[in-house]
Asker: 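Here you go, one structure.
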Amino acid sequence: MKYTKEDIFRIVEEEDVAFIRLQFCDIFGVPKNIAIAASQLESALNNECMFDGVSVEGFVRSDESDMYLYPDLDSFEIYPWRPQAGKVARMFCDVYTIDRKPFSGDPRNVLKRVVEKAKAMGLNFKINPEAEFFLFDYDDDGQPTTRTKENGGYFDVAPADQGENVRRDIILNLEEMGFDISSSHHEIAPAQHEIDFRAEDAKRIADMIMTFRMAVKTIAKKHGLYATFLPKPTEGISGSGMHINIIAEDENGRNLFASESGSSLSDTAQYFIAGVLSHVKGMTLITNPIVNSYKRLVPGYDAPVNITWSSSSANRSALIRVPAGRGEGTRIEIRNPDATCNPYLAIALILAAGIEGIEKKMTPPQELNKNLGRVSEDELRDSTFETLPRTLGEAIAAYEKDPFVQEVLGESVYNKFLDAKRSEWKDFRTCVTQWEIKRYLNLF
């Protein structure tokens with residue numbers, strides 16, 4: 001949807017919108033906003049709304065804290081779950097410095113730079129994510145738990161799937177906000193769910209992921225459940241990921257990942273795959289950014305561990321899989337990210353790595369022709385395949401070793417993210433867990 005300022009004024013008046021949230025996010029993908037009354041809309045649309053960036057995680061020092069929010073008019077949507085009298089709407093914003101220049105530390109700006117480079121090369125990327133989440137119970141004090149009363153499994157229906165009504169409500173709300181929902185289902189673990197939506201341009205899809213996470217949490221709470229995108233909230237079951245599906249199109253909308261015959265992958269697709277795999281270790285700190293992310297990336301479950309690719313749609317152990325559709329439906333699925341990532345930064349890095357592969361005509365490693373989904377960690381280590389970082393600490397080390405990551409993120413985002421994750425890893429390493437007490441207290 002393309003909006004002008006006049007369109008926004010008209011909709012706000014006709015729909016009785018009382019408040020507009022000017023939304024952005026910090027470098028970790030945590031949503032932030034400034035709420036304004038409808039009476040202040042003109043100032044906002046003239047890019048006159050300011051905020052203090054010193055209070056936003058990873059943004060700026062106190063001597064450069066004043067910043068402007070530039071609303072993206074096309075992102076205007078009314079929250080359907082808010083009261084219908086005195087409605088609440090939102091617009092995503094780009095962050096600008098006091099001298100009216102795009103702020104280098106704005107994650108949305110990082111993705112924008114990559115998309116502009118792709119466009120200059122005649123590339124338009126369409127993306128659709130597959131975000132998984134759990135629906136857990138609250139305790140008697142209203143605090144979230146990791147408990148559930150259901151035992152549903154893959155594609156189950158009610159009554160085994162006790163989240164069916166919640167998913168339906170989430171979907172109806174998302175559709176009111178312009179989402180084209182393609183499917184939804186119960187996932188493999190109890191209380192685990194997935195809702196998929198159609199591919200969109202890279203910038204819009206990152207905004208949609210932010211909206212999706214907010215909608216899922218908000219609607220679940222209305223149903224008395226807590227929604228979490230934590231990759232591995234419970235041991236012994238499959239974790240939650242966010243597979244990223246990518247299609248590359250030329251200026252005429254032709255799929256560049258499809259070969260001329262339509263039955264196999266194009267050279268462009270293989271270059272793209274090679275570029276992503278060459279930088280995937282360094283990018284893992286962004287695509288899988290928390291300690292808990294690495295409890296999901298272990299052998300024996302559905303998440304990938306080895307740095308491989310496969311054109312066989314049946315091989316779900318590969319980090320990059322090519323789903324079954326060919327011709328204009330040819331796409332590449334990157335399976336290691338999870339939904340705790342900042343979608344702007346994660347998508348920017350994946351696309352930039354693929355673009356580098358195309359520019360340099362890189363050759364991917366030999367295709368994986370067997371399923372490694374059930375091999376042990378020792379077997380993987382003894383194989384010829386490289387593996388992803390196994391801990392946040394290993395991911396930090398890989399991030400520091402790859403200068404490409406800093407080049408894409410920019411010095412500000414790169415360094416602030418690194419400092420924060422070093423601190424997070426130090427905090428975890430000094431924490432004594434219940435596992436240690438249970439394992440060792442009676443022995444030593």
Side-chain angles (χ1 to χ4, degrees), residues 29 129-167 170 184-196 212-213 216-221 223-243 284 287-305 316-317 335-341 373-377 388-393 395 424-425 427-429 431-441:
E130 301 174 35
E132 298 165 336
F133 57 93
F134 284 87
L135 294 174
F136 290 131
D137 297 330
Y138 286 94
D139 65 17
D140 292 340
D141 295 324
Q143 297 301 309
T145 72
T146 56
R147 297 193 299 268
T148 178
K149 300 179 183 69
E150 68 135 88
N151 289 298
Y154 217 10
F155 299 130
D156 272 350
V157 296
D161 174 9
Q162 296 181 14
E164 193 173 70
N165 290 338
V166 186
R167 283 205 316 274
I170 292 168
S184 71
H185 61 267
H186 194 291
E187 261 294 339
I188 191 168
Q192 189 182 32
H193 304 269
E194 179 177 314
I195 297 173
D196 301 329
F212 178 81
R213 295 192 305 205
V216 167
K217 284 183 165 289
T218 301
I219 304 305
K221 191 168 185 179
H223 286 262
L225 295 170
Y226 181 74
T228 179
F229 293 94
L230 201 64
K232 194 81 165 184
T234 305
E235 64 186 67
I237 61 172
S238 292
S240 291
M242 186 175 72
H243 302 167
T284 305
T287 57
N288 306 83
I290 63 174
V291 168
N292 186 257
S293 295
Y294 299 87
K295 306 297 176 70
R296 167 179 167 259
L297 299 177
V298 294
Y301 294 93
D302 286 347
V305 177
R316 296 175 182 270
S317 66
R335 298 174 55 80
N336 66 300
D338 65 56
T340 64
C341 71
R374 299 301 173 193
V375 303
S376 70
E377 191 159 359
L388 290 170
R390 291 172 296 176
T391 64
L392 186 68
E424 188 174 334
W425 182 237
D427 287 346
F428 178 72
R429 287 190 296 109
C431 176
V432 178
T433 66
Q434 286 302 306
W435 182 91
E436 293 165 89
I437 299 300
K438 185 177 179 182
R439 182 70 173 258
Y440 301 124
L441 189 60

Asker: Test of understanding: with side-chain contact (heavy atoms from CB on, under 4.5 Å), list the residues that count as partners of R439, not counting sequence neighbours.
Answerer: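 Partners of R439 by the side-chain contact (heavy atoms from CB on, under 4.5 Å) criterion, ordered by chain and then number, come out as W435.
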Asker: Does the side chain of D139 come under 3.5 Å of the side chain of T145 through a donor N or O and an acceptor N or O?
Answerer: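 Judged by distance alone, the side chains do not pair up.
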Asker: Given side chains that start at C-beta, do those of T228 and F136 come closer than 4.5 Å, heavy atoms only?
Answerer: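 When only atoms from C-beta onward are counted, F136 and T228 do touch, with a gap below 4.5 Å.
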Asker: Testing H193, M242, Q192 for side-chain contact (heavy atoms from CB on, under 4.5 Å) with E132, which one passes?
Answerer: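 Going through the options one by one, the only one that passes is Q192.
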Asker: Mind checking whether V432 and I437 have side chains closer than 4.5 Å, heavy atoms only?
Answerer: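 Yes - at least one pair of side-chain heavy atoms lies under 4.5 Å apart.
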Asker: Return the minimal non-hydrogen interatomic distance between Y138 and G224, and the atom names on each side.
Answerer: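 Shortest heavy-atom contact: CD1-O, 3.5 Å.
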Asker: Under 4.5 Å between any side-chain heavy atoms of V216 and F229, yes or no?
Answerer: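 Yes, their side chains come closer than 4.5 Å.
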Asker: Between L392 and Y294, is any pair of side-chain heavy atoms under 4.5 Å apart?
Answerer: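 Yes, side chains in contact.
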Asker: Please check if the side chain of R213 supplies one atom and the backbone of A339 the other of a donor-acceptor pair under 3.5 Å.
Answerer: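 Judged by distance alone, yes, a pair lies under 3.5 Å.
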Asker: What are the two closest non-hydrogen atoms of N292 and K232, and how far apart are they?
Answerer: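 Answer, listing the atom of N292 first, then K232: OD1-N, 2.7 Å.
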Asker: Report yes if some heavy atom in the side chain of L225 is under 4.5 Å from a heavy atom in the side chain of D137; otherwise report no.
Answerer: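 Result yes, sub-4.5 Å side-chain heavy-atom pair found.
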Asker: Do you know the tightest heavy-atom contact between S240 and R296?
Answerer: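 Answer, listing the atom of S240 first, then R296: O-CD, 3.3 Å.
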Asker: Just wondering, do T391 and F428 contact through their side chains at under 4.5 Å, heavy atoms?
Answerer: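 When only atoms from C-beta onward are counted, T391 and F428 do not touch, as no gap falls below 4.5 Å.
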Asker: Please report the shortest heavy-atom distance between D196 and P129, naming the atom on each side.
Answerer: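 In terms of heavy atoms, the two residues are closest at OD1-O, 4.1 Å.
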Asker: With a cut-off of 6.0 Å (strictly less than), are more than 12 heavy atoms of other residues, nucleotides or ligands near NZ of K295?
Answerer: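 For K295, atom NZ is not crowded (no more than 12 foreign heavy atoms under 6.0 Å).
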Asker: Do you know which two heavy atoms are closest between A220 and L135, and how far apart they sit?
Answerer: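 Taking A220 first and L135 second, the nearest heavy atoms are CB-CD2, 3.7 Å.
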Asker: If you look at every heavy atom in N336 and N288, which pair is closest and at what distance?
Answerer: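 Residues N336 and N288, closest heavy atoms: O-ND2, 2.6 Å.
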Asker: Is there a side-chain contact between I195 and F212 in this structure, where contact means two heavy atoms from C-beta onward sitting under 4.5 Å apart?
Answerer: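 SC-SC contact between I195 and F212 confirmed.
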Asker: Among E194, E150, R167, E164, whose side-chain hydrogen bond (donor to acceptor under 3.5 Å, both in side chains) with H186 holds?
Answerer: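 Result for side-chain hydrogen bond (donor to acceptor under 3.5 Å, both in side chains) with H186: E150.
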Asker: Could you tell me whether the side chain of D141 and the main chain of Q143 form a donor-acceptor pair under 3.5 Å?
Answerer: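 Here the side-chain-to-backbone pair does not exist.
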